[in-house]
Peer 1: 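A single structure is presented below for examination.
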Amino acid sequence: ITYGDWSSDVCSSDLRRPAGPRRPAREDKVSSFGGEGMADDLDRDKVAKAYARWAPVYDMVFGTVFERGRKAAIAAVEAAGGGRVLEVGVGTGISLPDYRRTNRLFGVDISEPMLRKAQERVAAEKLDNVEVLSVMDATKLAFPDGWFDVVVAQYVITAVPDPEGTLDEFARVVKPGGEIILVNHIGAESGPRKWFEVAFAPVARKLGWRPEFPWARLARWAERVPGVHVIDRRPMPPLGHFSLIRFGKAAEAPTAQAAE
């Protein structure tokens, strides 16, 4: 499923990633990033199947619950200057009408049924600033380096099998001087909520996400990646279970080889 013309002013008609050095594979996805005791047992097929089940009722079940976070993420995109915006995990496209029409929007998701809902929304609301909707693995984004002004992912990082690999791709495709904007549930560091999240984790896995995802995992990723820094981390009302997180990419970001 693809919506839009991928060949327009892009480096190649099928958007294959340009040749060049790739990041080395990581063998310690969990222990090195603060995920003590948290098994990364989500996989691509499991997540895709989970969201295929959610697609018919997603807006009805989660639309209001996630609305404040969506609005905050879009406000952050606009404050960053907008422009060419990639929304990863665009889902049913529920957030697309809320962006300014001056933005050029690209949406990707692992779930084809969710994207079909997004296509219907784009057509019904005549969202002519949506250029691409496509099924895509977030760890293998088919866009050139430095292609987007802003990458936004709402409620995504805890629902992908490889969060660090996903964030690495965000950092690759965002321009120097651009921003990565996340809204996500961040696991409690202590107390009853942490106990509940750990106990609930096996059930949540079947629904396609991790409730016990620690902030330390994101912080350590930012420390590892050259040129990336935390701009803001802000708990969202009313209870602070979700956070708006902004990463910046330096205007002249050093390469991984230079950092070594």
Peer 1: Just to verify, what does Arg234 make a side chain to side chain donor-acceptor pair (under 3.5 Å) with, not counting sequence neighbours?
Peer 2: Asp232

Peer 1: Can you list everything that forms a side chain to side chain contact (heavy atoms under 4.5 Å, CB included) with Ala75? Sequence neighbours excluded, please.
Peer 2: none

Peer 1: Side-chain contact, heavy-atom cut-off 4.5 Å: Val183 with Arg70?
Peer 2: no

Peer 1: Can you measure from CD1 (Ile74) to CZ (Arg100) and round to the nearest 0.5 angstrom?
Peer 2: 11.5 Å

Peer 1: State plainly whether the residues Arg84 and Asp149 are in salt-bridge range, i.e. N to O under 4.0 Å.
Peer 2: no

Peer 1: Are the charged groups of Glu112 and Arg116 less than 4.0 angstrom apart, N to O?
Peer 2: yes

Peer 1: Please assess Met136 against Phe143 for the test side chain to side chain contact (heavy atoms under 4.5 Å, CB included), listing each intermediate value before the final yes or no.
Peer 2: CA-CA 11 Å; Met136 203 175 292; Phe143 299 105; 3.7 Å; yes

Peer 1: How long is the straight-line distance from CZ of Arg246 back to CD of Glu179, given to the nearest 0.5 Å?
Peer 2: 4.0 Å

Peer 1: Who are the side chain to side chain contact (heavy atoms under 4.5 Å, CB included) partners of Val90, not counting sequence neighbours?
Peer 2: Glu87, Leu96, Asp109, Leu115, Leu133

Peer 1: Check this for me, if you would: do Arg220 and Glu223 make a salt bridge, where the nitrogen-to-carboxylate-oxygen distance has to be below 4.0 angstrom?
Peer 2: no

Peer 1: To the nearest 0.5 Å, what is the distance between CG (Leu86) and CH2 (Trp147)?
Peer 2: 12.0 Å

Peer 1: Any non-hydrogen side-chain atom of Glu120 less than 4.5 Å from a side-chain atom of Lys117?
Peer 2: yes

Peer 1: Could you check whether any side-chain N or O of Lys249 sits under 3.5 Å from a backbone N or O of Lys175, counting only pairs where one atom can act as donor and the other as acceptor?
Peer 2: no

Peer 1: Taking the side chain as everything from C-beta on, heavy atoms only, tell me whether Val230 gets closer than 4.5 Å to Leu218.
Peer 2: no

Peer 1: For Phe170, check ring-ring contact (aromatic ring centres under 6.0 Å, His included) against everything at least two apart and list the hits.
Peer 2: none

Peer 1: Which heavy-atom pair separates Val135 from Ile110 by the least distance, and what is that distance?
Peer 2: CG1-O, 4.0 Å

Peer 1: With sequence neighbours left out, what residues match Val77 under side chain to side chain contact (heavy atoms under 4.5 Å, CB included)?
Peer 2: Val85, Tyr99, Val150, Val152, Ile181

Peer 1: Run the side chain to side chain donor-acceptor pair (under 3.5 Å) test against Glu78 and tell me which residues pass, sequence neighbours left out.
Peer 2: Asn103

